[in-house]
Amino acid sequence: MVKKSRSVSIETSALIKDFQLPGGELVNVLTGVDMKIKRGEFIGIMGPSGSGKSTLLNILATLELITDGEVKVAGVDLKNTKYKDRLRIRRTKSSVVFQNFALIPYLTAKENVKLPMKLRGITEKEAEKKSIDFLEIVGLYARVDHLPEELSGGEQQRVAVARALAHDPDIIYADEPTGNLDTHTGKEIIQLFKKLTKEKKITIIMVTHDTLSARETDRLYILQKGKVLQEQTQSLVEKDSKKEEKQ
Ligand code: ADP
Ligand code: MG
C-alpha cells in the first residue's frame, strides 16, 4: 500500500496555538513547536500539567485547529485542509487511546472493536473476523464477549488499543494511557505499544508523566514554555542511574 511506505509520519514547524478566553484574553499554549517523527517511531511527550501536551496531541489528531505554523500528518498539510479532508484523515490515518479508555459500556469488547469498522463500511462478516484478530493481538482472545465492566482496567485499555487498531491507523495517539493503571499493567500496555511500532510500523505518540514508561520510548519531546525540547530516552536512564548513585 502506498500510504504505508512514507518514512516521515509527522512534521511540525513553528507550530503556534492560542486559545481565546470568553473575556477576550489570549492564552499562548504552544509558541513554536518543531517536530519530525518517522514512521514506526515510539515517541514520548512529557511536560508539566497545563503545558499543552493534550492540545498538541489533539492538533495532530485533527481534533483541534492550529493558530499558525505548519503541521503535516501522513503527508497531509493540516493547515490548508477542509473539514471534510480532516475528517477523512481522522478516520483513516490515526486513532486515539485515552486515559479513561472511553469504551461504550453496553457493548462487549468485540462490539466495541467492530464499531469503527462498521462506520467505515466494512462488512459484518469481515468486521467480526478482524475484531477477533485485533483482540487476539492485544492478548484478549478469551474476553471477546465481556462487557467493559466485566474487565480489569488493563484489559479495558487493551480493548481500547484493539479498537484503535480497527481504524487501520498509520498513527496512534495515546494521552496518558497508563494514567489509570497500576505499574505492572501499565508496563504491559507499554510493551504492547512497543510491539505495534516495531512489528506493524505504526507510529505511536504517547503523552506520559511516568519516567518508567517514557524510558521505553524511542525518543522524547519535553514541552516547556510552549516549545519542545528533544531528549534522547537514554538520558532519562542516565539521570535515573545518577539518582541511584547519590542514594
Ligand atoms: P496538558 O495536557 O499538558 O496538561 P492542556 O493541553 O490540556 O495541557 O492545556 C494547556 C493549556 O491550555 C492550559 O492552560 C489550558 O487551560 C489551556 N486550554 C486547553 N484547552 C483550552 C480551551 N479549549 N480553551 C481555553 N484554554 C484551553
Ligand atoms: Mg493533558
Side-chain angles (χ1 to χ4, degrees), residues 9-37 41-73 78-79 81 83 86-87 89-90 94-103 153-154 156-157 160-161 163-164 169 171-183 185-186 189-190 193 203-231 233 235-236 239:
S9 190
I10 289 171
E11 204 167 357
T12 76
S13 163
L15 165 64
I16 289 174
K17 177 66 182 178
D18 304 325
F19 284 110
Q20 182 131 33
L21 297 181
E25 192 195 335
L26 214 56
V27 187
N28 312 114
V29 178
L30 304 174
T31 57
V33 169
D34 298 298
M35 302 196 303
K36 193 167 185 174
I37 296 168
E41 275 196 298
F42 184 15
I43 297 289
I45 297 181
M46 295 188 94
S49 183
S51 60
K53 303 180 297 295
S54 294
T55 302
L56 179 58
L57 221 60
N58 289 341
I59 286 172
L60 298 176
T62 80
L63 300 168
E64 193 88 69
L65 289 172
I66 65 173
T67 306
D68 205 357
E70 307 289 334
V71 186
K72 262 192 183 177
V73 173
L78 289 190
K79 194 168 147 190
T81 46
Y83 175 73
R86 285 203 307 281
L87 204 62
I89 298 163
R90 197 180 303 163
S94 65
S95 47
V96 187
V97 172
F98 301 95
Q99 181 174 357
N100 63 1
F101 325 133
L103 298 174
Q156 288 185 55
Q157 193 59 300
V161 175
R163 179 181 56 185
I171 308 162
I172 292 178
Y173 301 106
D175 199 347
E176 305 199 30
T178 61
N180 282 341
L181 304 177
D182 62 65
T183 310
T185 316
I189 294 291
I190 298 297
F193 281 164
T203 309
I204 298 189
I205 320 249
M206 174 180 74
V207 169
T208 183
H209 278 302
D210 170 28
T211 47
L212 277 178
S213 302
R215 280 166 61 159
E216 299 295 322
T217 62
D218 296 326
R219 218 148 50 79
L220 275 175
Y221 286 104
I222 317 280
L223 260 174
Q224 224 170 62
K225 297 195 176 107
K227 295 190 166 55
V228 285
L229 309 172
Q230 264 198 69
E231 190 157 349
T233 303
S235 65
L236 273 185
K239 272 183 202 160

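Heads up: numbering here begins at 1 and tracks the sequence. As the structure lists them, so they are numbered: ligands from 1, and atoms in each ligand from 1.
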**Q.** atom 16 (O) of ligand 1 within contact range, any protein heavy atom under 4.0 Å
**A.**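 Protein heavy atom within 4.0 Å of atom 16 (O) of ligand 1: absent.
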
Q: Under 4.0 Å from a heavy atom of Leu21: give me the atoms of ligand 1 that qualify, with their elements.
A: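 So the answer, numbered in order with elements, is 25 (C).
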
**Q.** For Pro48, the ligand 1 atoms whose distance to one of its heavy atoms is below 4.0 Å
**A.**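 Result: 3 (O).
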
[atom] - nearest protein heavy atom and its distance:
atom	result
atom 27 (C) of ligand 1	Phe19 CD1, 3.3 Å
atom 5 (P) of ligand 1	Thr55 OG1, 3.7 Å
atom 7 (O) of ligand 1	Ser54 CB, 3.8 Å
atom 1 (P) of ligand 1	Gly50 N, 3.5 Å

Q.
Could you check whether any side-chain heavy atom of Val161 comes within less than 4.5 Å of a side-chain heavy atom of Phe193, counting everything from C-beta outward?
A.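 Yes; the side chains approach each other to less than 4.5 Å.
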
Q: Would you mind reporting whether Ile190 and Phe42 have side-chain heavy atoms less than 4.5 Å apart?
A: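 Counting from C-beta outward, Phe42 and Ile190 do come under 4.5 Å.
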
Q: Using a 4.0 Å heavy-atom threshold (strictly under), name the region of Val29 that reaches ligand 1: side chain, backbone, both or neither.
A: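 Only the side chain of Val29 comes within reach of ligand 1.
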
Q: Check Ser94, Ser54, Ser95 against Tyr173 for a side-chain contact (heavy atoms from CB on, under 4.5 Å) and give me the one that passes.
A: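 Running side-chain contact (heavy atoms from CB on, under 4.5 Å) over Ser94, Ser54, Ser95 with Tyr173 returns exactly one hit, Ser94.
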
Q) Would Ser49 count as a contact for the Mg ion (ligand 2), in the sense that one of its N, O or S atoms lies under 2.8 Å from it? A)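 Coordinating: no.
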
(Q) Contact between ligand 1 and Gly47 is defined here as a heavy atom of the residue under 4.0 Å from a ligand atom; is it met? (A)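 It does not; every heavy atom stays at 4.0 Å or beyond.
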
Q.
Quick check for you: to the nearest 0.5 Å, what is the distance between Ile10 atom CD1 and Ile205 atom CD1?
A.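 Nearest 0.5 Å value for the CD1-CD1 distance: 3.5 Å.
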
Q. Is the backbone N or O of Ala174 less than 3.5 Å from a side-chain atom of Gln99, with the two atoms forming a donor-acceptor pair by type?
A.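 Side chain of Gln99 to backbone of Ala174: no pair is present.
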
